[in-house]
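Report on the structure given below.
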There are 2 protein chains.
Amino acid sequence: MSEPGAGGESLLFLTDEQLRKGIEAMFFAYRGFTADPDRILDGMHYGRAHHRALHFIHRSPGTTVNNLLNILGVTKQSLNRVLRGLIEDGLVDSRVGKEDKRERHLFLTERGAELERALSDAQRARMRAAYRAAGPAAVQGFRQVLEAMMDPEMKRQYLALKEGGV
Amino acid sequence: MSEPGAGGESLLFLTDEQLRKGIEAMFFAYRGFTADPDRILDGMHYGRAHHRALHFIHRSPGTTVNNLLNILGVTKQSLNRVLRGLIEDGLVDSRVGKEDKRERHLFLTERGAELERALSDAQRARMRAAYRAAGPAAVQGFRQVLEAMMDPEMKRQYLALKEGGV
DNA sequence: GAAGTTACGTCAGCCTTGTTGACTTTCCAA
DNA sequence: TTGGAAAGTCAACAAGGCTGACGTAACTTC
């Protein structure tokens, strides 16, 4: 697949200018990446943090608070606030663990799944358009660079979430 | 919802599962992307917002406040708070415009340039490592997908910042 | 020259989302 | 059985977004 090209050209390639463009591309693209969900959330008293929680609960139903904490990389107090709102509003269901009663297992309710769907539909639509515009080969490169950019621990989490093949 | 309906292989390609992986890759990679500068800023009473200001002032010395506002996409009140701190601490110099005295032109001071360098060295190091690991072809794809993900207006800004060729 | 517009700064107040610290409940192991 | 660790909750604070209102200087237009 990639072939780092022998010696010479892969050097020339990594000018500071090239790297700077990559950095700015990440900055501007991330804004686009979050723009659609943000727009939907705006007005409801929810934000990006709620979106993230919904996403990962949808993805791993029954996950514990601690689990979610590791994935999201925030403090439990911060997550708890977000979760409390979602639970009170009936978007998320929190069930005491059967094995270990200290744990809370999280699930989306009907309404929670509905909002999650709206958010991820919007985000997927943009991603789909970008993938289409760039083409399959570009997408592979995109994923490769992103994976190489993650901290090892994050990458571990990301890959563990795989479950669905490449 | 998903699955378009024509064409051959580009179909299989854009499954919701593929798109979801792309979404999660963006999420985890962005954390890595900001981790090193955040670590440096931590402890100083600065944050990511200060980093962004320093970056774009470094990049376009003499830029006006309004210019920066458009690039960063925040309100002037928000930017002003950040800028005020940087100016008071002697990292940024604000000079009244010669042509139009209403404008303020922004420059990094010696110390400002120093901090900017520390931040962008760290960020570039990670980007360089990721580029090396993924290879030249992947990098091209990476940039293509990111550009396609930007809002048109952001993309315009991003390309206008080019000045250095691809 | 007066009136309107633009660029910038600032005050006040709000919201989301991060933080730390202190606490309870539950589990487990010495 | 007791003491520590782990999971979760409550309280308070800070950063950095936001809106709205206002002031001032400088430019532009009529």
Side-chain angles (χ1 to χ4, degrees), chain A residues 27 30-31 34-35 37-57 62-89 92-106 119, chain B residues 27 30-31 34-35 37-57 62-89 92-107:
Chain A
F27 172 67
Y30 199 77
R31 292 243 301 266
T34 57
D38 281 356
R39 208 149 21 232
I40 293 174
L41 262 351
D42 198 50
M44 321 193 177
H45 57 293
Y46 294 142
R48 214 173 279 177
H50 299 85
H51 178 195
R52 292 197 281 258
L54 291 174
H55 174 97
F56 286 107
I57 294 172
T63 187
T64 64
V65 173
N66 220 358
N67 238 298
L68 210 46
L69 235 41
N70 290 329
I71 290 173
L72 296 176
V74 298
T75 58
K76 61 180 175 173
Q77 294 89 331
S78 190
L79 175 59
N80 189 256
R81 191 198 304 120
V82 166
L83 241 28
R84 196 191 316 155
L86 292 171
I87 293 169
E88 280 171 5
D89 297 350
V92 166
D93 192 13
S94 165
R95 305 183 203 154
V96 173
K98 279 180 182 156
E99 314 268 293
D100 187 333
K101 289 179 190 160
R102 291 172 302 178
E103 294 180 338
R104 301 288 180 278
H105 297 275
L106 303 169
L119 294 169
Chain B
F27 171 68
Y30 198 77
R31 291 243 302 268
T34 57
D38 281 357
R39 207 149 21 230
I40 293 174
L41 261 350
D42 197 50
M44 320 193 177
H45 57 295
Y46 295 142
R48 215 174 277 179
H50 299 85
H51 178 195
R52 292 196 282 258
L54 291 174
H55 175 98
F56 286 107
I57 294 173
T63 187
T64 64
V65 173
N66 227 349
N67 240 297
L68 208 48
L69 235 39
N70 290 329
I71 289 174
L72 296 177
V74 296
T75 59
K76 63 175 178 176
Q77 293 91 328
S78 193
L79 176 58
N80 191 257
R81 190 194 305 127
V82 167
L83 237 31
R84 198 190 314 156
L86 292 172
I87 292 170
E88 280 172 4
D89 296 349
V92 166
D93 193 13
S94 165
R95 304 182 202 154
V96 172
K98 280 179 179 157
E99 313 267 291
D100 187 334
K101 289 179 192 161
R102 291 171 305 178
E103 295 179 338
R104 300 288 180 276
H105 297 275
L106 303 170
F107 300 86

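In the text below, chain A, chain B and the rest are named by the order of the sequence lines, each starting its count at 1.
Of the listed nucleotides (D/dG8, C/dT17, D/dG17), C/dT17 has the atom at the smallest distance from the side chain of A/R48. The side chain of A/R52 has C/dG18 as its nearest neighbour among C/dC8, C/dG18, D/dG8. Distance from the side chain of B/N80 is smallest to C/dG9 among D/dG8, C/dT19, C/dG9. Nearest nucleotide to the B/K76 side chain, out of D/dT9, D/dG17, D/dC22: D/dC22.
In this structure, CG of B/L68 is placed 14 Å from C1' of C/dA7, rounded to the nearest angstrom. The CD atom of B/E103 sits 18 Å away from the P atom of D/dA25 (whole-angstrom rounding). Counting to the nearest Å, the C1' atom of C/dC14 and the NE2 atom of A/H45 are 15 Å from each other. Following rounding to the nearest Å, B/N70 (CG) and C/dC8 (C1') show an atom-to-atom distance of 14 Å. Going from atom NZ of A/K101 over to atom C1' of D/dA6 covers 16 Å, rounded to whole Å. Straight-line distance from the CG atom of A/D38 to the C1' atom of C/dT16: 11 Å, rounded to whole Å. Look at CG on A/D42: it is 11 Å from P on D/dC18, rounded to the nearest Å. Here the C1' atom of nucleotide C/dT16 and the CG atom of A/L54 are 15 Å apart, to the nearest Å.
At D/dC18, one or more side-chain N or O atoms of B/T75 fall inside 4.0 Å of OP1 or OP2 (strictly under the cut-off). At the phosphate of C/dC8, OP1 or OP2 sits under 4.0 Å from a side-chain N or O atom of B/N66.
Counting any heavy atom pair closer than 4.0 Å across all strands shown, A/H51 reaches no nucleic acid atom. Using a 4.0 Å heavy-atom cutoff across all strands shown, B/G73 reaches sugar-phosphate atoms only and no base atom.
Both B/L83 and B/R102 sit near DNA chain C, but only B/R102 has its closest nucleotide nearer the 5' end. Residue A/S78 is the one, among A/D100 and A/S78, whose nearest nucleotide of DNA chain C lies closer to the 5' end (criterion: closest heavy atom). The residue among B/R81 and B/Q77 whose nearest nucleotide of DNA chain D is located toward the 5' end is B/R81.
Relative orientation of the B/Y30 and A/Y30 rings is parallel, given thresholds of 30° and 60° on the angle between their planes. In this structure, A/H55 and A/H51 have perpendicular ring planes: the angle between them is above 60°, well past the 30° mark.
Judged by a 6.0 Å distance limit and a 45° cone about the ring axis, A/R52 is not positioned over the six-membered ring of B/F27.
By the 4.5 Å heavy-atom criterion applied to side chains, B/R104 and B/V96 are counted as neighbours.
Minimum interatomic distance between A/V82 and A/H50 (heavy atoms only, all atoms of both residues): CG1-CD2, 3.6 Å.
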